[in-house]
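This report refers to the structure that appears directly beneath it.
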Amino acid sequence: MIYRSKSNFQNHPFHLVSPSPWPLFTSVSLFILTTATVLFMHGFQGFEYLVPVAVFNVMYVMGLWFRDVISEGTYLGNHTNAVQKGLNLGVGLFIISEVFFFLAIFWAFFHSAISPSVELGAQWPPLGIQAVNPFELPLLNTILLLSSGVTITYAHHSLIQGNRKGALYGTVVTIILALVFTFFQGVEYSVSSFTISDSVYGSCFYFGTGFHGIHVMVGTAFLAVGLWRLAAYHLTDHHHLGYESGILYWHFVDVVWLFLYISVYYWGY
């Protein structure tokens, strides 16, 4: 079989990516964002203005990169079945790496929680720490996130069955639930009686829930791109790899939150 590439014909189904500046530009943008954030947290003056600029720069460069990938898969026909299998494998390996990232956080939490040292008051939560009530905002956020998993699954199955309206509505509701979850997470942080510097409990709590919150925001961005592509008629019942990858990532976020709620909020209360 002969496959059509950008400029000629090829006798293999694989996509030989053209030279792109976006990986380099994204790396530089992320380095600037990380440096500006660290210096801002250490009280260096002026960096509070650089952080939002760096965030915008990362989003802008990523948008340009997404644009090229969308063009390759939607308009140029480079995402053949063989390429899609490779991309699926890449997404799977990426999520596995994220699993081990959160595994390290849970390891740190249980290392101190199961056998708290004398410095922690020999108890968990440590002496002087008032843990967040798991049956208030955390429970509401759990319901919101699990509901978003249901709605995005409905949207996915609707797309497969050719129900475009159901896919659009399901994705919109999922994004709304994700935004509400993020808002309530911010409210929870603002009313908590402890900070990230309050013993190992504060460090593990904010490190775990905070990075999960970042993953929620990234997943929301993925789904928002998928919604835009749905509205633009880019996706079909058999060609929606990016959208499906975003859904798989979102289910990973759901599962991580269940472990966080059970271990950090409920068991650690």
Side-chain angles (χ1 to χ4, degrees), residues 58-59 62-63 65-66 69-70 73-74 79 84-85 87-103 105-106 137-161 163-186 188 207-232 234-265:
V58 170
M59 295 176 62
M62 290 296 294
W65 196 352
F66 279 19
V69 174
I70 290 171
T74 305
H79 287 181
Q84 290 186 54
K85 289 180 181 179
L87 292 173
N88 276 324
L89 177 61
V91 172
L93 292 174
F94 167 70
I95 291 178
I96 290 174
S97 72
E98 294 279 67
V99 168
F100 282 97
F101 172 80
F102 279 99
L103 179 63
I105 298 175
F106 285 112
L137 270 180
L139 180 59
L140 176 59
N141 267 350
T142 301
I143 295 173
L144 289 172
L145 209 56
L146 292 180
S147 300
S148 71
V150 174
T151 55
I152 197 62
T153 301
Y154 167 76
H156 188 203
H157 284 278
S158 296
L159 179 61
I160 293 174
Q161 295 167 5
N163 180 7
R164 182 172 177 274
K165 185 177 293 185
L168 285 169
Y169 288 160
T171 307
V172 168
V173 173
T174 303
I175 292 173
I176 292 174
L177 290 173
L179 293 175
V180 174
F181 173 92
T182 304
F183 171 76
F184 282 145
Q185 192 75 45
E188 179 185 303
F207 196 70
T209 60
F211 266 100
H212 176 268
I214 293 174
H215 283 70
V216 169
M217 289 186 281
V218 172
T220 305
F222 286 165
L223 295 180
V225 173
L227 176 62
W228 171 77
R229 297 191 67 195
L230 271 171
H234 288 180
L235 308 180
T236 67
D237 57 346
H238 61 278
H239 192 88
H240 51 268
L241 176 63
Y243 182 67
E244 193 171 52
S245 299
I247 293 172
L248 184 61
Y249 184 85
W250 192 254
H251 288 314
F252 161 74
V253 169
D254 282 348
V255 173
V256 169
W257 176 258
L258 281 178
F259 280 99
L260 281 171
Y261 179 78
I262 293 171
S263 58
V264 176
Y265 285 100

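To the nearest 0.5 angstrom, Ser147 atom OG is 13.0 Å from Ile176 atom CD1. To the nearest 0.5 Å, the span separating CD1 on Ile96 from CZ on Phe252 amounts to 10.5 Å. Note: Arg229 CZ to Phe66 CZ = 10.5 Å, rounded to the nearest 0.5 Å. Here CD1 of Ile95 is found 7.5 Å from OG of Ser245. Values are rounded to the nearest 0.5 Å. Residue Ile160 holds its CD1 atom at 4.5 Å from NE2 of His240, rounded to the nearest 0.5 Å. Note: Leu241 CG to Leu235 CG = 10.0 Å, rounded to the nearest 0.5 Å.
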Query raised in the report: Can you check side-chain contact (heavy atoms from CB on, under 4.5 Å) on Leu179 and Ile175, steps first, answer last?
Result: CA-CA 6 Å; Leu179 293 175; Ile175 292 173; 4.2 Å; yes

Requested in this report: Before giving the answer on ring-ring contact (aromatic ring centres under 6.0 Å, His included), spell out for Phe259 and Phe102 the whole-Å C-alpha distance, their side-chain angles and the decisive distance to 0.1 Å.
Outcome: CA-CA 10 Å; Phe259 280 99; Phe102 279 99; over 10 Å; no

Requested in this report: Starting from the C-alpha separation in whole Å, work towards a yes-or-no answer on side-chain contact (heavy atoms from CB on, under 4.5 Å) for Phe181 and Leu140.
Outcome: CA-CA 9 Å; Phe181 173 92; Leu140 176 59; over 6 Å; no

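Residues passing the side chain to side chain contact (heavy atoms under 4.5 Å, CB included) test with Thr209 are Gln185, Tyr189, Phe205, Tyr265, sequence neighbours excluded. The side chain to side chain donor-acceptor pair (under 3.5 Å) search around Thr220 returns none, not counting sequence neighbours. Residues forming a side chain to side chain contact (heavy atoms under 4.5 Å, CB included) with Thr142 (at least two apart in sequence, or on another chain): Leu146, Trp257, Leu258, Tyr261. Partners of Thr151 under the side chain to side chain donor-acceptor pair (under 3.5 Å) rule, at least two apart in sequence or in another chain, are Thr174. Here His251 pairs with Ile152, Thr153, Ile247, Asp254 under the side chain to side chain contact (heavy atoms under 4.5 Å, CB included) rule; sequence neighbours left out. With sequence neighbours excluded, the residues that form a side chain to side chain contact (heavy atoms under 4.5 Å, CB included) with Tyr249 are Phe94, Glu98, His215, Val218, Phe222, Val253.
Defined by atom type and a distance below 3.5 Å, a donor-acceptor pair is present between the side-chain atoms of Tyr243 and Thr171.
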